[in-house]
Amino acid sequence: MLVSLTFSSAAIGGETPPPFKLDYRLKSEGIPFSIAAHRSLSQVQDGLWKIEVHAKNWLGEIRETALFNWQGCTPLSNYYGYKRRGLGKVKEAKLHIDRQTGVAASERTDKPMRSYDVSNNATDELSVSLALQCELREGAHEVELQVADERAQKTHHYTVTGRETLTIDGDRVETLKVQRLRDKDSERQTYMWFAPDHDYTLVQLMQKNGDGEHLMTLQSLGGL
């Protein structure tokens, strides 16, 4: 699943990242071509922000959207939506979080609606990298997040594993490599690379699971 970045003015307890429009390249194992992925952040109204990722090619398209308010370095999600269209099929998922009642309502294609309780600091999967970007800027090396998805709320643990130099469109970029810590028997692996010299922007994301390796890389530093 794709991930993203965010933000402008200072929030309580941390200065959040600025709005952006960035282009990435998505490459998946077993697919002989890459896909352009466009990521954007905008302010919808006072205090409410939207992060969106859109990837499209001749086979179909994927769009992810989240709406949230900042609390310190945490994007407090109100809505998350996912839509995948391809080969004549459409798959959708929607998650609405009522902050007044602390209840999340989930809808998925061909699945019954369900609801569950969420904590008052829950974010969503798309907004996770925004929280990490803000926390890294504040000097954190270990981050714990409460993340709500279409099924339940889960605790995510992240750690900085070291520094690594990446090449982005011919430019060498110094990054902090962040790993999501999972159970030892999990076949899934998630890594993210953030660039300290470019406001800790997420420049690369890698996820490995049962269907192979998926790599999303920033196309150019020109938009930073």
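Just so it is clear, the model here is predicted, and its values are computed rather than measured.
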Next item on the list: Take Gln204 and Thr175 through the side-chain hydrogen bond (donor to acceptor under 3.5 Å, both in side chains) test and state the conclusion after the steps.
Entry: CA-CA 9 Å; Gln204 187 164 272; Thr175 69; over 6 Å; no
Check: Going through the distances and angles, do Cys73 and Glu138 end up as a side chain to side chain contact (heavy atoms under 4.5 Å, CB included)?
Finding: CA-CA 9 Å; Cys73 277; Glu138 293 292 300; 4.0 Å; yes
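- The shortest non-hydrogen separation linking Ala104 to Val118 is CB-CG1, 3.6 Å.
- A donor-acceptor distance shorter than 3.5 angstrom exists from the side chain of His141 to the backbone of Gly139, with no hydrogens or angles considered.
- In the hydrophobic clustering of this structure, Phe194 groups with Leu221; members are Ile, Leu, Val, Met, Phe, Trp, Tyr whose side-chain heavy atoms approach within less than 4.5 Å, directly or through other members.
- Rounded to the nearest 0.5 angstrom, Arg172 CZ and Ile168 CD1 are separated by 11.5 Å.
- Interatomic distance, CZ of Phe20 versus CG of Leu202, reported as 8.5 Å (0.5 Å rounding).
- Arg25 places none of its side-chain heavy atoms less than 4.5 Å from the side chain of Ser220.
- For the atom pair CG (Asn121) and CD (Gln153), the distance works out to 7.0 Å, reported to the nearest 0.5 Å.
- No continuous path of hydrophobic side-chain contacts links Leu95 to Tyr79 [ILVMFWY only; heavy atoms under 4.5 Å].
- In the hydrophobic clustering of ILVMFWY residues, with side-chain heavy atoms under 4.5 Å counting as a link, Leu67 and Ile97 come out apart.
- Taken to the nearest 0.5 Å, the OG atom of Ser40 stands 10.0 Å off from the CG atom of Asp23.
- For the residue pair Ser186/Asp183, the side-chain donor-acceptor check at 3.5 Å is not satisfied.
- In this structure a side-chain-to-backbone donor-acceptor pair under 3.5 Å is missing from Thr109 to Lys91.
- The main-chain N or O of Pro75 is found under 3.5 Å from a side-chain atom of Thr123 such that the two form a donor-acceptor pair.
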Next item on the list: For side-chain hydrogen bond (donor to acceptor under 3.5 Å, both in side chains), just list the numbers for Glu174 and Thr165, CA-CA rounded to whole Å, side-chain angles, deciding distance to a tenth of an Å, and then say yes or no.
Entry: CA-CA 5 Å; Glu174 297 300 320; Thr165 302; 2.7 Å; yes
Check: When you look at Leu176 and Tyr200, which way does the side chain to side chain contact (heavy atoms under 4.5 Å, CB included) test go after all the steps?
Finding: CA-CA 8 Å; Leu176 289 179; Tyr200 290 89; 3.9 Å; yes
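- Using a 3.5 Å distance cut-off with no hydrogens or angles, the side chains of His156 and Tyr158 do pair a donor with an acceptor.
- To the nearest 0.5 Å, the span separating OH on Tyr191 from CG on Leu205 amounts to 12.5 Å.
- Gln179 and Thr161 share no donor-acceptor pair across their side chains, judged by distance under 3.5 Å alone.
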Item checked: Check against side chain to side chain contact (heavy atoms under 4.5 Å, CB included), Arg188 and Gln207 -> CA-CA 7 Å; Arg188 304 187 70 184; Gln207 181 149 315; 2.4 Å; yes
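- A distance of 6.0 Å separates OG of Ser28 from CD1 of Ile35, quoted to the nearest 0.5 Å.
- Counting only N and O atoms by type, the side chains of Glu52 and Thr65 include a donor and acceptor under 3.5 Å apart.
- Screening residues 113-137 for ring pair (Phe, Tyr, Trp, His ring centres under 6.0 Å) gives no qualifying pairs among residues at least two apart or on separate chains.
- Side chains of Glu144 and Thr155: a donor-acceptor N/O pair is absent below 3.5 angstrom, by distance only.
- With hydrogens and angles left out, the side-chain atoms of Glu64 and Tyr80 include a donor and acceptor closer than 3.5 Å.
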Margin query: Run Leu136 and Val160 through side chain to side chain contact (heavy atoms under 4.5 Å, CB included) and show every step you take.
Written below: CA-CA 9 Å; Leu136 290 173; Val160 176; 3.6 Å; yes
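- Residues Gln133 and Thr201 have side chains in contact (heavy-atom distance under 4.5 Å, counting atoms from C-beta outward).
- Heavy atoms of other residues, nucleotides or ligands lying less than 6.0 angstrom from CZ of Arg99 number more than 12.
- Residues Leu145 and Val143 have side chains in contact (heavy-atom distance under 4.5 Å, counting atoms from C-beta outward).
- Glu150 and Arg108 are not joined by a salt bridge, as no carboxylate oxygen comes within less than 4.0 angstrom of a charged side-chain nitrogen.
- Of the N and O atoms on the side chains of Thr190 and Arg182, at least one donor lies less than 3.5 Å from an acceptor on the other residue.
- Contact check for Val203 versus Thr217: no side-chain heavy atoms found under the 4.5 Å cut-off.
- Looking at heavy atoms from C-beta onward, Pro196 lies in side-chain contact with Arg163 at the 4.5 angstrom threshold.
- Residue Arg84 qualifies as open at atom CZ: its count of foreign heavy atoms under 6.0 Å is 12 or below.
- You'll find the side chain of Leu218 reaches within 4.5 Å of the side chain of Leu22, heavy atoms only.
- Annotation: side chain of Trp49 is not in contact with side chain of Asn69 (no heavy-atom distance under 4.5 Å).
- Side-chain heavy-atom separations under 4.5 angstrom define the hydrophobic clusters, and Leu76 shares its cluster with no other residue.
- For the pair Asp149/Lys154, a side-chain contact is recorded, criterion being any heavy-atom separation below 4.5 Å from C-beta on.
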Check: Going through the distances and angles, do Thr159 and Glu142 end up as a side-chain hydrogen bond (donor to acceptor under 3.5 Å, both in side chains)?
Finding: CA-CA 5 Å; Thr159 185; Glu142 305 283 339; 2.7 Å; yes
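- Relative to the ring axis of Tyr82, Lys94 does not place its NZ or CZ within 45° and under 6.0 Å from the centre.
- Judged as a side-chain contact (heavy atoms from CB on, under 4.5 Å), and not counting sequence neighbours, the contacts of Glu61 are His54, Lys56, Arg63, Arg85.
- Using a distance-only test at 3.5 Å, with no hydrogens or angles considered, no donor-acceptor pair links the side chain of Arg114 to the main chain of Glu107.
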